[in-house]
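Throughout, a chain's letter reflects where its sequence line sits, starting with A, and its residues are numbered from 1.
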2 protein chains.
Amino acid sequence: MKTLLLKKDEVSRLISVTEVIAAVEEAYKAFSSDQVEQPDYMGIDLPSPRGEIDFKLGYYKANEIISMKASSGGFIDNPTAHGVPNGMATIFLFDARSGALICVMDGSLILGLRTGASGAVSVKALARKNATTVASIGTGNQARMQIRSINEIMKIEEIHAWDSNSDTLFKYKTDIESELGIPVIMANSKKEAVEQADILVTTTRGKGSLVEAGWVRPGTHIVAIGTDQQGKQELDPEIFRNAKLVVDSMAQCTEKGETWHPLNKNIITKDDIHGEIGEILLGRKPGRESDDEITIFDSTGMAIQDNTTASKIYHNAIANNVGTFFQFFEQ
Amino acid sequence: MKTLLLKKDEVSRLISVTEVIAAVEEAYKAFSSDQVEQPDYMGIDLPSPRGEIDFKLGYYKANEIISMKASSGGFIDNPTAHGVPNGMATIFLFDARSGALICVMDGSLILGLRTGASGAVSVKALARKNATTVASIGTGNQARMQIRSINEIMKIEEIHAWDSNSDTLFKYKTDIESELGIPVIMANSKKEAVEQADILVTTTRGKGSLVEAGWVRPGTHIVAIGTDQQGKQELDPEIFRNAKLVVDSMAQCTEKGETWHPLNKNIITKDDIHGEIGEILLGRKPGRESDDEITIFDSTGMAIQDNTTASKIYHNAIANNVGTFFQFFEQ
């Protein structure tokens with residue numbers, strides 16, 4: 001039995017943004033079609049200045065691949081003390097037909113890629129067809145990933161960006177304009193940015209103050225990325241009162257997503273959640289139904305997104321003879 | 001960052017039975033000293049003729065290593081359909097100081113090694129010092145591992161062995177006599193073997209009929225290996241009524257070990273459990289206190305045994321320049 005080993009730079013060359021978007025769309029559909037098993041994750045919390053290490057398992061029945069992602073984060077002393085990043089990730093793929101370990105790949109790019117693609121998939125399903133303007137609240141790495149992905153499926157004419165750190169904001173403007181040629185307007189306030197948005201993307205990890213309900217224009221599609229655990233929040237829960245709310249996973253979003261906050265405040269009930277994005281992609285539920293609707297996509301992230309993305313990378317590697325085979329035992 | 005890759009044949013050359021015994025003893029002590037975190041395992045059950053794949057996580061604070069064992073079993077078509085064994089295992093080691101993946105090793109030998117050593121550790125703590133005779137109920141691979149380990153820590157003068165399959169029994173006799181030079185008497189019944197035992201080792205995976213209470217002589221030490229999940233059983237629960245019962249993990253044994261059966265029948269209560277083997281090894285509780293006691297060690301197996309065993313293999317590999325380094329990303 002041979003196991004394919006893939007380095008980070010190989011992973012980066014083996015998949016395009018378009019392919020990640022397709023993989024994430026497949027993941028959402030599979031999840032809403034009973035094609036997925038995702039047991040509760042396992043994790044170890046380490047004392048400060050270390051962070052945590054998590055293990056997330058996903059089985060996709062249609063491709064017969066089981067993925068395990070080991071990811072660490074929050075080890076703030078790593079660069080100085082150990083010469084490695086604050087967080088690292090590795091993805092292990094098993095052939096579910098035999099149980100064999102078929103691939104070990106660096107996973108540090110995959111979280112960013114598949115999370116970036118999640119917003120784009122929701123834009124396809126929920127944004128106005130005549131949307132041209134994106135507001136970006138947060139301008140870090142994931143904000144860039146969102147723009148790269150959304151730009152694959154529509155023409156972004158301008159970006160209104162805001163960040164609590166003005167240096168970060170300026171760097172984002174410079175990077176996006178040179179990489180993608182999209183003009184970036186640096187907003188003086190969140191309000192200024194949000195008021196311009198056809199599509200609003202929040203990627204602040206829920207650590208800042210909130211986007212207020214009064215700022216959001218009718219017809220806006222909101223991509224809520226930053227809240228994936230209890231204690232994080234990016235949106236005024238009042239925004240949810242009259243919006244069409246779509247989640248990646250009903251179970252996760254109601255427990256630890258942005259959706260938890262309006263539920264907790266009794267602004268909405270679970271019955272007010274329109275559905276999972278997979279249900280819309282499968283045609284079981286409508287997406288946007290008018291140009292005036294405010295739509296919200298709450299993305300908490302799922303193991304099956306890692307699975308379909310890493311599986312595509314693996315298959316591309318095999319097809320292109322990229323990577324190193326290692327035989328852990330003779331057969 | 002570099003990750004060490006170890007093949008099965010390298011693993012087999014990198015650790016001795018004596019070192020595994022020491023590693024398992026360390027694991028038990030660590031477990032009873034709050035030095036261990038072992039979250040609930042994750043698993044995927046696949047439809048027949050496939051089996052299951054499990055992921056077991058263990059963090060040992062003293063050595064700052066986190067181990068994850070991925071193991072599959074019960075894929076009965078694997079040899080013919082896929083050219084791989086029914087079950088496979090891989091162990092992943094992470095440096096808990098940084099979260100880095102430091103080692104990926106074939107794990108197919110480790111379960112057998114560390115389980116084999118568990119019986120030997122219990123013999124040190126609980127068997128009579130003048131014990132010479134072992135009865136082996138079950139004569140498969142794990143029965144051999146038990147004998148190899150126990151033989152490291154005492155002189156076994158003869159083995160009385162029984163198996164439901166007489167061919168398997170004869171092969172065991174031939175193998176053990178040629179490998180270790182210990183005479184093996186093939187018993188005509190379980191009773192015949194058990195009645196001769198100073199030390200009784202049961203490794204039938206709990207699929208056969210039971211060892212009856214009336215057969216067990218005073219002073220016998222029983223190593224109960226085969227019951228590690230609900231539905232398995234090897235011992236008449238009446239044996240527990242007047243025995244000194246020691247477990248590897250209180251939580252596991254009362255839920256899915258041999259210990260569950262007498263608890264379920266109200267033959268004993270949890271208060272009748274003498275303690276965990278780690279408590280005895282640490283000197284917090286007495287081991288055997290008289291030559292007449294019947295002692296029972298109920299072994300269900302713990303992730304921390306994989307951790308300490310695999311960590312020793314890893315350190316031996318580094319010290320001896322064995323294995324292949326692979327760099328998943330440049331730093």
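- A pairwise comparison of heavy atoms in B:Asp40 and A:Met42 identifies O-SD, 2.9 Å as the closest pair.
- With chain A as partner, the option from B:Ser108, B:Ala100, B:Gly87, B:Ala96 having the largest number of non-hydrogen pairs under 4.5 angstrom is B:Ala96.
- Interatomic distance, A:Ile44 CD1 to B:Met68 CE, rounded to the nearest 0.5 Å: 9.0 Å.
- Counting heavy atoms from C-beta on, the side chains of A:Thr90 and B:Val104 never come closer than 4.5 Å.
- Contact annotation for B:Phe75: only side-chain heavy atoms (C-beta onward) come within less than 4.5 Å of a heavy atom of chain A.
- Contact of B:Ala89 with chain A is not made at all, since no heavy-atom distance falls under 4.5 Å.
- Two rings, from B:Phe92 and A:Phe92, have their centers less than 6.0 Å apart.
- The greatest number of non-hydrogen atom pairs below 4.5 Å with chain A, out of B:Lys8, B:Met105, B:Met88, is found for B:Met88.
- Between B:Tyr59 and A:Ile53, every side-chain heavy-atom pair lies at or beyond the 4.5 Å cut-off.
- At most 12 heavy atoms of other shown residues, nucleotides or ligands fall within 6.0 angstrom of atom CD in A:Glu255.
- For the set B:Asp9, B:Leu57, B:Thr3, B:Asp95, the entry with the most heavy-atom pairs within less than 4.5 Å of chain A is B:Leu57.
- The minimum heavy-atom distance between B:Ile66 and A:Phe55, with the atom names listed, is CG2-CZ, 4.4 Å.
- Heavy atoms of A:Thr324 lying under 4.5 Å from chain B belong exclusively to its side chain.
- When heavy atoms are compared at a cutoff of 4.5 Å, B:Asn78 approaches chain A solely by way of its side chain, counted from C-beta outward.
- Residue contact with chain A, scored on non-hydrogen atoms closer than 4.5 Å, is absent for B:Gln38.
- Considering all non-hydrogen atoms of both residues, B:Arg97 and A:Arg50 come closest at O-CD, 3.5 Å.
- Contact between B:Pro39 and A:Gly43 at its shortest, heavy atoms only, is CG-O, 3.9 Å.
- Across every non-hydrogen atom of B:Ser72 and A:Ser98, the tightest pair is OG-O, 4.4 Å.
- Contacts of B:Leu5 with chain A are made by both backbone and side-chain atoms, with heavy-atom separations under 4.5 Å.
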